[in-house]
Number of protein chains: 4
Amino acid sequence: MRILTSGESHGEYIAAIIEGFPKGVLIEQDFINHELKRRMQGVGRGKRMLIEDDKIEIVSGLRNKISLASPITVLLRNKDVKIFTQNKDELPVLSIPRPAHADLAGALKYKEADIRNILERASARETVGRVCAGAICKQFLSNFGIDIASFTVSVGEAASHIKPKSVSDIKTKVKNSKLNCIDITIEKSMIREIEKVGSNKDSLGGVTEIWIDGLPAGLGTFMHFDKRLDAKLAASLMSIPGVKGVEIGLGFDYAKKKGSLSHDEIYYSKAKGFYRETNNSGGIEGGISTGEPIIIRIAMKPIATLRQPLNSVNIATKKKEKAIVERSDTCAIAACGVIAENMSAITITESFLDKFGCDSLDEIKVNYRNYVRTP
Amino acid sequence: MRILTSGESHGEYIAAIIEGFPKGVLIEQDFINHELKRRMQGVGRGKRMLIEDDKIEIVSGLRNKISLASPITVLLRNKDVKIFTQNKDELPVLSIPRPAHADLAGALKYKEADIRNILERASARETVGRVCAGAICKQFLSNFGIDIASFTVSVGEAASHIKPKSVSDIKTKVKNSKLNCIDITIEKSMIREIEKVGSNKDSLGGVTEIWIDGLPAGLGTFMHFDKRLDAKLAASLMSIPGVKGVEIGLGFDYAKKKGSLSHDEIYYSKAKGFYRETNNSGGIEGGISTGEPIIIRIAMKPIATLRQPLNSVNIATKKKEKAIVERSDTCAIAACGVIAENMSAITITESFLDKFGCDSLDEIKVNYRNYVRTP
Amino acid sequence: MRILTSGESHGEYIAAIIEGFPKGVLIEQDFINHELKRRMQGVGRGKRMLIEDDKIEIVSGLRNKISLASPITVLLRNKDVKIFTQNKDELPVLSIPRPAHADLAGALKYKEADIRNILERASARETVGRVCAGAICKQFLSNFGIDIASFTVSVGEAASHIKPKSVSDIKTKVKNSKLNCIDITIEKSMIREIEKVGSNKDSLGGVTEIWIDGLPAGLGTFMHFDKRLDAKLAASLMSIPGVKGVEIGLGFDYAKKKGSLSHDEIYYSKAKGFYRETNNSGGIEGGISTGEPIIIRIAMKPIATLRQPLNSVNIATKKKEKAIVERSDTCAIAACGVIAENMSAITITESFLDKFGCDSLDEIKVNYRNYVRTP
Amino acid sequence: MRILTSGESHGEYIAAIIEGFPKGVLIEQDFINHELKRRMQGVGRGKRMLIEDDKIEIVSGLRNKISLASPITVLLRNKDVKIFTQNKDELPVLSIPRPAHADLAGALKYKEADIRNILERASARETVGRVCAGAICKQFLSNFGIDIASFTVSVGEAASHIKPKSVSDIKTKVKNSKLNCIDITIEKSMIREIEKVGSNKDSLGGVTEIWIDGLPAGLGTFMHFDKRLDAKLAASLMSIPGVKGVEIGLGFDYAKKKGSLSHDEIYYSKAKGFYRETNNSGGIEGGISTGEPIIIRIAMKPIATLRQPLNSVNIATKKKEKAIVERSDTCAIAACGVIAENMSAITITESFLDKFGCDSLDEIKVNYRNYVRTP
């Protein structure tokens with residue numbers, strides 16, 4: 001499976017093509033729109049979220065909602081269009097890069113004098129395309145009982161220590177949360193932090209945890225370093241704008257513990273097969289899924305754009321100036337969770353198709369069942 | 001550039017082929033041997049390190065030490081050979097998987113009854129091939145003043161808070177350390193922790209920090225999610241056996257801070273060009289190198305094999321048994337740092353060749369110079 | 001550079017995303033429309049060509065016609081839409097495969113009962129997406145004086161033996177041809193063949209020759225078999241629907257000649273540098289461009305769909321029946337040339353960006369000039 | 001599956017690593033040696049073939065001859081070693097390129113003054129590594145009744161018109177041929193041509209035909225252009241040194257025929273399932289295997305090195321000189337067939353693993369059987 005996404009933040013369209021997706025999978029546009037809506041929500045979001053309604057159209061690869069094995073094209077027309085592919089826009093040149101954004105590094109890389117030509121694609125709006133692709137993958141995975149959820153662990157200093165039981169437990173608990181939270185008490189502190197920081201024209205990040213239930217043991221492999229499931233997940237999650245840390249299972253806490261107190265002992269019962277009573281590994285050992293839930297935490301840095309801008313330098317004049325102020329969020333940790341779920345869905349689908357074939361859902365189901373049944 | 005490594009832990013050879021490496025680079029076998037020796041050292045290592053001397057031979061791709069642009073082959077003959085490609089060995093079947101290792105997930109994935117057939121490739125000895133490839137990449141990067149070092153940040157509860165100034169500062173300070181440490185005081189506590197844990201037949205992990213100096217701004221890109229330098233580094237570091245967490249710059253601490261206090265303001269001087277006075281981003285913004293040092297921390301879990309074994313299940317009989325005990329280390333955090341340096345070298349070289357071409361060192365140098373000179 | 005195309009023959013859209021295309025290239029929609037129009041022309045084409053006008057829209061990756069280095073999206077809305085991604089169409093199930101088309105092999109591969117679900121993507125209309133991508137690559141290559149043309153060598157038994165001098169010579173000569181021909185006399189016989197065969201409800205193929213002028217020596221390499229320029233061109237041309245043969249330079253005639261009479265001797269002059277007086281190699285030696293024009297011929301089989309259908313088998317009943325008749329062309333050799341030009345443009349652009357970098361046109365130009373100037 | 005090969009013609013070793021090869025496949029070194037011996041034979045070969053004995057050693061990836069799913073390493077130590085990776089050799093600089101070889105284009109590409117640094121990897125000895133990998137793939141495919149053979153169709157003007165019935169028919173007939181021929185009468189003319197041309201210090205090419213029996217319908221796909229089986233085979237065969245043309249089934253003759261007389265009508269019987277009575281398509285329709293034998297012809301140009309050398313230019317002095325004379329063959333068409341078989345084996349194995357999974361032979365067999373049984 002190969003995925004390309006495209007689209008500038010204020011260009012005409014966001015698009016994605018998903019190639020190598022199997023035949024016979026029911027794909028509902030509404031589910032994709034639902035995921036996009038989840039991506040737009042959360043306390044701390046900016047005004048762009050009020051402008052866009054982010055309703056997609058699938059224009060190839062399905063017939064009557066069923067995938068054809070041909071490339072799937074998803075289109076989303078931006079409402080807030082400011083730059084044009086063919087016609088000249090009237091936007092002034094931007095020459096003052098914002099710290100923490102791609103502005104300066106991008107301008108240097110591409111020898112670009114107008115920072116707008118950098119920030120349009122570097123904007124996190126690009127993740128709309130990823131969520132479209134991920135939401136299609138989620139619908140594939142649901143055929144095998146694989147389900148993914150996320151919840152906000154911390155925002156600034158406000159951190160929850162409640163542990164969920166399962167993906168469905170997470171889904172139930174976040175349903176009424178404004179911040180994708182499973183801990184209502186802490187959620188209030190989180191919201192207070194965001195509001196306080198927002199009123200100071202400052203920004204915040206946070207930590208999100210992703211759970212994947214229902215994976216069989218055996219996805220990914222240690223046979224070559226670039227085929228490990230942990231490596232692939234680390235890449236797809238670290239690629240989310242603003243994410244600066246990824247940890248699996250105990251993660252950094254593993255480094256503080258003794259082996260005897262941290263490794264997951266192995267058990268067997270006829271009903272469950274091999275299983276663990278702990279899951280410190282986060283569901284991956286030796287780069288392979290163990291069959292336990294995959295658990296990953298990611299850290300997001302504060303939003304790069306500040307309404308009280310930081311010091312910067314005009315790249316044309318080389319003079320010191322305050323950074324430009326683009327409309328932005330105060331905190332986007334809830335959105336980050338949704339994006340992370342969908343990036344995980346892409347990676348898991350890739351590994352799943354590698355193992356079980358990729359032509360048609362029926363054939364994959366047969367292969368899958370034979371695999372899980374064989375001792 | 002493409003790299004394949006091969007070799008079982010107790011098979012005849014470890015090998016690596018590096019394809020797409022440019023012409024004209026001086027490659028010293030001795031430097032590779034030196035990196036391999038560094039990989040074998042550190043307090044807490046097992047007896048295998050006394051058996052092997054890990055001297056490689058390069059058998060293609062160079063003529064009189066200079067690369068030809070043809071694939072480079074590195075061979076290392078194992079001394080401790082127990083399994084054979086063509087002849088039958090006498091080793092008994094292993095059927096009790098060790099928790100935290102690839103044993104069980106691997107046996108399930110490959111429907112394998114003899115766990116030895118899993119652990120031979122899943123063993124961390126596989127990283128020898130990666131270090132060979134990385135040490136070749138380090139020699140390429142040195143032509144552009146790019147240098148990489150690592151140091152041990154913590155082992156169990158013993159953690160150093162000293163910050164280095166640069167790669168060369170790290171290199172000077174770790175020279176006399178037994179644990180790749182820049183903090184002699186804490187090193188003593190670390191060694192004590194390892195010795196205590198070792199005498200209890202238990203194991204430990206730790207945290208290592210990697211620095212990369214001398215990179216130009218402009219490697220990697222946000223234009224597609226899989227081309228981001230942060231994503232690529234996350235994958236190559238998370239792929240190291242035992243690594244469960246990766247963070248760049250402030251990493252997880254970013255999630256606790258406000259934007260105004262964490263983003264790196266931008267400065268300019270004629271001598272230095274654009275620069276920062278802080279480097280919380282760890283040298284990467286928007287998935288692109290900023291020109292500041294790249295700083296990454298990784299967390300390693302405790303060694304999986306315990307000499308006081310954990311509970312497991314015999315995969316043949318399904319009965320509860322103690323896990324098998326293979327010869328192993330107590331703590332390998334110093335080795336982990338060396339492997340991480342070399343995996344980083346591979347990733348940086350890939351991104352460097354993507355940007356500046358890949359045919360010959362002379363041509364790349366011209367392209368590089370033109371790039372860094374052009375405003 | 002990575003390209004994905006999508007779209008069913010009678011679905012809502014044909015689309016393409018081109019990722020990794022450099023910044024700063026002027027891209028005219030009109031030129032792409034012009035190439036698409038060329039693809040629709042030629043004696044022997046069916047009625048679909050009258051329905052579609054094939055005008056594309058670029059909806060990302062450019063700003064005011066200049067590429068941004070972000071993924072470029074091209075959209076083309078089909079007029080003749082019969083199947084729908086979300087809504088149920090009323091089309092009857094097709095169960096009789098056409099020989100020589102993907103119908104049967106595709107139905108077996110995907111376990112598909114309705115052959116329409118196969119033929120929609122297998123239709124040569126898919127090549128619209130390729131031409132869009134190729135026409136963008138052509139506009140990139142023109143910055144380096146690289147130009148591509150094709151001409152029809154034979155249709156059925158009617159074959160031209162005139163040899164062109166250059167790409168511009170071809171372009172001049174085919175301008176007034178109805179069949180992309182440089183030989184007006186033979187063109188008449190070709191047209192007669194097509195008309196005769198068409199009136200018998202039969203179909204024809206032909207041979208097309210592609211020329212690429214202006215390439216520097218040094219694209220592609222023998223260092224690994226999958227990096228050879230000849231191998232890459234063979235793949236991209238053989239992938240065109242209906243193409244069953246590819247030959248470079250003398251091609252199959254090489255097999256009949258002695259080395260002394262077929263190899264291109266090497267000359268040098270100050271004005272031209274190294275050059276050849278013959279070009280039997282077709283511009284590629286050792287998998288690398290020599291700097292002489294690249295010359296390739298491809299053979300196209302007769303159109304698969306016959307209006308006087310062949311014997312087939314109903315895949316539902318397994319009974320013998322006549323193949324289904326879909327609207328189709330009699331001969332599409334002129335279109336095949338246009339598609340081949342554009343597939344070649346993609347492959348040449350890939351090899352060009354591999355050698356000279358891929359970030360921005362300005363940077364690539366500097367790298368290119370330094371390369372061609374250095375002795 | 002990924003394959004890297006390495007090794008210079010007169011360097012210490014030829015090597016190959018095959019990564020992603022499934023577990024549980026019996027691999028006999030002797031079979032690989034047998035294929036290498038076949039590659040060395042045929043009338044018209046040079047003296048190198050007397051020096052080398054080409055016996056390989058597998059040093060990883062197998063245990064007691066059974067594949068472990070870990071990367072397989074094949075090593076072959078050259079006997080005729082002249083250049084060294086670490087020690088200085090005494091060879092003089094070569095500055096006169098041979099026409100038709102990679103010498104000049106390679107020297108220009110890599111800015112290389114000593115042509116020996118080009119020709120060492122560009123030499124066809126590189127194909128030893130490919131045959132090693134291909135011979136491993138052949139052993140995998142034999143588990144599914146897939147078998148591959150080749151025969152020499154023509155050498156210079158001497159051409160055979162006999163058509164074989166199957167791969168096993170070819171294998172029987174070429175057994176006693178000195179030129180991989182199934183037509184003893186024409187073989188004599190071929191040998192005479194080679195001897196005559198050889199005595200004039202000239203060289204010859206030829207045409208070889210490759211057959212692949214036993215493939216199921218359904219490998220490759222038209223869903224994206226780079227996934228077509230015809231495109232992949234074209235690339236792997238065109239990548240063989242000296243090959244300048246590839247045609248599938250009727251190939252270039254298709255261009256002369258009407259559709260009604262060339263397309264393969266479809267039949268069905270309970271015993272055989274769907275089948276054809278003709279096979280003009282060469283076993284591929286729409287980029288997918290049809291289940292009929294795959295039939296491909298390739299054209300090889302005359303050997304590039306002539307003992308009566310052609311005109312060339314000294315790249316140092318730019319003066320006209322006769323090309324250098326390296327030891328070489330007069331005609332290598334029989335070897336070309338063996339290489340083509342093995343390159344095809346690699347490509348077919350890739351497509352097979354894509355469809356049926358890639359972890360273990362047992363799992364693949366189950367998946368394969370379910371696929372071919374399901375209607």
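Only a predicted model underlies this, so the values are computations on that prediction, with no experimental measurement involved. Proteins come first, then strands; the chains are lettered A, B, ... in the order of their sequence lines, and each starts at number 1.
Heavy atoms closer than 4.5 Å to chain A are found nowhere in B:L250, neither backbone nor side chain. Heavy atoms of B:T305 lying under 4.5 Å from chain A are absent altogether. With a threshold of 4.5 angstrom between heavy atoms, B:I118 approaches chain A through its backbone and through its side chain. With a 4.5 Å cut-off on non-hydrogen atoms, A:I303 touches chain B through its backbone but not through its side chain. At a 4.5 Å heavy-atom cutoff, the contact between A:R276 and chain B is made by side-chain atoms alone. Of the two parts of A:F274, only the side chain, counted from C-beta on, holds a non-hydrogen atom closer than 4.5 Å to a non-hydrogen atom of chain B. With a 4.5 angstrom heavy-atom cutoff, A:V153 does not touch chain B via any of its atoms. If you measure heavy-atom distances from A:A217 to chain B, the contacts under 4.5 Å come from the side chain alone.
Interface remark: of the candidates A:S289, A:A304, A:G249, A:A304 forms the most heavy-atom pairs closer than 4.5 Å to chain B. The candidate from A:G205, A:G251, A:G156 with the greatest count of non-hydrogen atom pairs under 4.5 Å with chain B is A:G156. Among A:L204, A:I333, A:I288, A:V246, the residue with the largest count of heavy-atom pairs under 4.5 Å with chain B is A:V246. Among the candidates A:M300, A:K201, A:R130, A:K257, the residue making the largest number of heavy-atom pairs closer than 4.5 Å to chain B is A:R130.
The cationic atom of B:K111 (NZ for Lys, CZ for Arg) lies less than 6.0 Å from the six-membered ring centre of A:Y371 and within 45° of the ring axis. Figure legend: A:K244 and B:Y254 shown without cation-pi pairing, the cationic atom not lying both under 6.0 angstrom from the six-membered ring centre and within 45 degrees of its axis.
Under the 4.5 Å side-chain criterion, counting only non-hydrogen atoms from C-beta, A:I266 is in contact with B:P99.
Under 3.5 Å, the side chains of B:S312 and A:Y267 contain no donor-acceptor pair of N or O atoms.
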